Amino acid sequence: MSDISIDISVVIVNYNVRDLADNCISSIYTANNNEYKIEIYFVDNNSIDGSSDHIEKKYPEVKVIRNSRNIGFSKANNIALRQCKGKYVLILNPDTLLEENTFSKLIKFCESHKHTGAVTSRLILGNGKLDSACKRSFPVPSVAIPRILGLSSLFPKSKLFGKYNLTYLDENKTWEVDAICGAFMFIPKAVLDDAGLFDEDYFMYGEDIDLCYRIKKHGYKIFYFPEVTTIHFKGESTRKTNLSYVNNFYGAMIIFVRKNFTGFSRLLSPVLQFGIFWRSLFSYMQRILRIFIFPISDIILLYLSLILSVRFRFGIFPNTDYMFIISVYVLIWILTLAVFGSYSKKHFLSLRNTFNALIVGFFINSSITYFFKEYAFSRGVILASTVLSIFFLLLFRGGYKMYLFIISKNILLNKVNLLQVGSERLSQNVEDKLNSKYNIIHYSDISQKNEISELEEIITINKIDEVVFAGNQFSNQDMLNLMWDMRDRNVRFRIFPSGKELMLSKLNTSSIDEINLIEIEYNINNKLNIFLKRTFDIIFSLILLLTVYPVLIILMKAFEYKPGKHLSKLLRLPDVFKGNTSFVGYPVWLETNQKQYIGKKGLTGLVQLNSYEGISEEEIINMNLFYAKNQSLILDMEILLKTFFLTFKK
């Protein structure tokens with residue numbers, strides 16, 4: 001029997017999402033507002049992020065259950081469900097956030113709807129759109145086959161094809177449905193006592209549908225109830241990027257089909273299982289392709305190199321015999337690349353390892369000709385193919401490294417308008433400002449009324465791409481309503497973990513604020529860096545003096561052309577060549593007494609890139625000191641590329 005002193009038991013199963021779980025528990029207390037007597041069970045599946053200790057310390061009233069290993073969703077929930085004493089049970093994901101009055105609305109709904117077996121709220125994702133998993137039909141053949149074939153995505157409003165996620169139903173109305181999502185299941189404890197707990201044959205996924213199936217079999221009704229809204233940061237605790245997700249998800253569907261189908265559905269279950277198999281196989285292939293993209297690319301490039309070499313050497317396309325020995329050569333090179341670590345996470349982009357592996361492979365392949373006398377004349381082909389392989393493989397990896405560099409350093413200066421709402425403010429150090437893709441706008445700087453309606457106008461007028469809520473300026477319900485109202489405007493919403501410093505960058509170890517507190521050897525004074533910087537200035541300025549500079553002078557003299565702010569800097573190229581100025585340095589207009597620390601004046605630099613009207617002297621000093629400390633040829637190239645793209649955009 002349930003203990004009537006407890007109204008609601010909340011069960012949360014956690015796996016390595018400490019901050020989200022923290023916010024989730026905080027929202028539970030906010031949603032309850034001391035109206036009901038609640039108990040919270042926090043079941044941790046052997047997380048490595050300190051979740052259990054953090055929750056136990058911050059919320060001592062929460063009952064923390066620690067598992068020695070990850071035992072899955074079903075078993076972990078059942079451990080707590082067997083201990084629950086509440087009249088109602090809320091099974092809740094740690095990556096959710098409740099709105100105010102959630103419990104009062106749910107209890108009133110259950111009391112006014114007899115035979116209620118389970119209720120879910122409207123679950124909205126971080127982009128404000130509905131989580132389609134919150135209302136579903138059972139995966140009988142007529143429902144699952146259109147889903148497997150992709151027809152449900154093509155025709156979501158069709159009653160025939162859109163049954164799986166019931167996408168044809170009005171999202172704003174209450175509906176009786178077959179199944180709801182395990183992220184939010186509000187169930188009377190008596191129903192669980194009658195229908196049973198989660199089936200522990202499921203590790204993750206499918207157990208919620210199975211439980212709903214048994215609840216319905218016992219004569220209860222299941223409802224989608226949109227008058228309560230919950231944020232679901234879906235997938236944070238179960239990333240869908242690895243093969244274990246495929247195993248768990250599609251394996252769960254097969255278990256459900258095998259356990260619950262009878263009659264005609266049972267006869268069609270082999271067809272359904274066959275469809276699930278092919279869908280899971282397709283998912284496997286997608287993930288395997290991501291894992292083996294470099295070996296596959298290398299095989300293609302090595303074959304191409306050898307075929308071209310045979311073509312150039314003998315003027316023929318390799319015949320069957322040649323393709324055999326070519327395949328042997330390719331296999332040896334692939335194995336050599338693997339031995340040298342070219343397919344490991346750490347060294348897969350290493351140009352040196354790739355080069356060394358190809359050279360070693362060349363000697364091994366050359367020695368093979370002693371064992372295959374009929375191919376002894378092909379050493380020239382091996383030499384030519386080695387040269388081509390080095391070119392192709394290094395070009396491929398170098399190009400990919402350049403792509404990653406451009407993305408990570410935001411060379412193209414693609415900015416995202418980010419609105420930060422709350423009393424705390426997002427802070428950026430100099431490295432953040434150099435690499436960040438965010439153009440941060442603080443709500444407190446432009447707000448007049450401090451109302452949620454005004455916030456919606458600000459998002460629209462300023463073309464905001466992302467919104468970060470930090471603090472308690474608006475209620476959870478206000479935030480949820482805003483997210484739902486703006487679900488079609490492609491705005492991403494985030495809620496910052498409570499008690500965390502609002503830093504965009506993960507690289508906080510070189511904070512500019514600490515520069516004056518510790519003794520630092522500035523890179524700008526390193527002799528090797530001075531030599532490389534000066535050499536680059538001479539070579540690059542000479543090239544521009546012989547090409548671009550004369551054209552600019554002719555345009556100015558003959559056509560009275562007046563170069564703009566950025567192009568006019570090229571008139572200082574002679575100063576760069578002479579060594580009076582550098583391509584990258586502090587602004588030419590800046591007067592400073594710290595020349596020994598921050599190098600020469602430059603045509604561009606950190607200050608020039610990030611300057612704005614009203615920039616403070618402290619910001620300028622910090623940027624200059626950051627550059628002096630971290631100066632390198634790579635950093636100079638990054639700043640020059642960003643200057644080029646900034647000029648091009650303007």
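Counting from 1, the numbers follow the sequence of the chain as shown. Because only heavy atoms are used, hydrogens play no part in the values below, and waters and symmetry mates are left out as well, while side chains stay in. This structure is a prediction, so every number in the text was calculated from the model and none was measured.
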Donor-acceptor check, side chain of K346 to backbone of G341, threshold 3.5 angstrom: yes or no?
no
Crowded around I48 CD1? As in, over 12 foreign heavy atoms under 6.0 Å?
no
First locate atom CG of N523, then atom CG of N630, and finally report the distance between them rounded to the nearest 0.5 Å.
6.5 Å
Side chains of P563 and L552: does their closest heavy-atom pair fall under 4.5 Å?
yes
Is a donor on one side and an acceptor on the other found under 3.5 Å between the side chain of S51 and the backbone of S47?
no
Would you check if I299 and V330 make a side-chain contact, meaning some heavy-atom pair closer than 4.5 Å?
yes
Counting N and O atoms only, with roles assigned by atom type, does the side chain of K569 sit under 3.5 Å from a partner on the main chain of L603, one being a donor and the other an acceptor?
yes
Can you tell me if Y549 and S541 form a side-chain donor-acceptor pair at under 3.5 Å?
no
Would you say the side-chain atoms of S611 and Q608 include a donor-acceptor pair closer than 3.5 Å?
no
Testing the 3.5 Å rule here: is there a donor-acceptor pair between the side chains of Q631 and D636?
yes
Should D298 and R397 count as an ion pair when the cut-off is N to O under 4.0 Å?
yes
Can you check side-chain contact (heavy atoms from CB on, under 4.5 Å) on M623 and N610, steps first, answer last?
CA-CA 9 Å; M623 288 183 195; N610 296 281; 3.7 Å; yes
Would you give the length of the straight line joining atom CZ of F362 to atom OG of S385, rounded to the nearest 0.5 angstrom?
8.5 Å
What are the two closest heavy atoms between A384 and S309, and how far apart are they?
C-OG, 3.4 Å
Taking all heavy atoms of N46 and all of Y15, pick out the closest pair and write down the distance.
O-CE1, 4.2 Å
Check side-chain hydrogen bond (donor to acceptor under 3.5 Å, both in side chains) between N529 and all other residues, then give those that pass, not counting sequence neighbours.
none
Heavy-atom side-chain contact between L394 and R352 under 4.5 Å
no
Under 6.0 Å between the ring centres of Y400 and F294?
yes
Kindly compute the distance separating CG (L641) from OG1 (T604), expressed to the nearest 0.5 Å.
11.0 Å
Within the structure provided, determine whether L633 and K533 are in side-chain contact (heavy-atom separation under 4.5 Å).
no
Side chain proximity check, L404 to L349, heavy atoms < 4.5 angstrom:
yes
Show your working on side-chain contact (heavy atoms from CB on, under 4.5 Å) between I634 and F405 and close with a plain yes or no.
CA-CA 10 Å; I634 296 295; F405 174 78; 4.0 Å; yes
I'd like to know if the side chain of N526 and the backbone of L528 have a donor-acceptor N/O pair within less than 3.5 Å.
yes
Could you tell me if the side chain of L567 sits less than 4.5 Å from the side chain of L570, heavy atoms only?
yes
Shortest non-hydrogen contact from F577 to R534?
O-NH2, 2.6 Å
Main chain of I124, side chain of D131: is a donor-acceptor contact present, judged purely on distance under 3.5 Å?
no
Looking only at heavy atoms, which two atoms of Y586 and L590 are closest? And how far apart?
CE1-O, 3.5 Å
Please report the shortest heavy-atom distance between P295 and I334, naming the atom on each side.
O-CD1, 4.1 Å
Got a second to check how far N365's CG is from W333's CH2, nearest 0.5 Å?
5.0 Å
Taking side-chain contact (heavy atoms from CB on, under 4.5 Å) as the criterion, tell me which of L351, L337, L388 meets it with L393.
L337
Looking at CD of E466 and CD1 of I464, how far apart are the two atoms once the value is rounded to the nearest 0.5 Å?
10.0 Å
Checking side-chain contact (heavy atoms from CB on, under 4.5 Å) against V584, which of I639, L635, D537, L609 comes through?
I639
More than 12 foreign heavy atoms under 6.0 Å from OH of Y561: is that the case here?
yes
Donor-acceptor side-chain pairing of N353 and S342 below 3.5 angstrom:
no
Does R492 pair with D465 as a salt bridge, N-O distance under 4.0 Å?
no
Give a yes or no answer on whether the side chain of D95 reaches the backbone of H232 with a donor-acceptor pair at less than 3.5 Å.
no
Close side-chain approach of V491 to M483, heavy-atom, < 4.5 Å
no
Heavy-atom closest pair (L573 atom, L545 atom, distance to 0.1 Å) is CB-CD2, 3.7 Å
Checking the side chain of S582 only, and the main-chain atoms of G585 only, is there a donor and an acceptor separated by less than 3.5 Å?
no
How many angstroms lie between atom NZ of K600 and atom CD1 of I530, to the nearest 0.5 angstrom?
9.0 Å
Heavy-atom side-chain proximity of F391 to S305 below 4.5 angstrom:
no
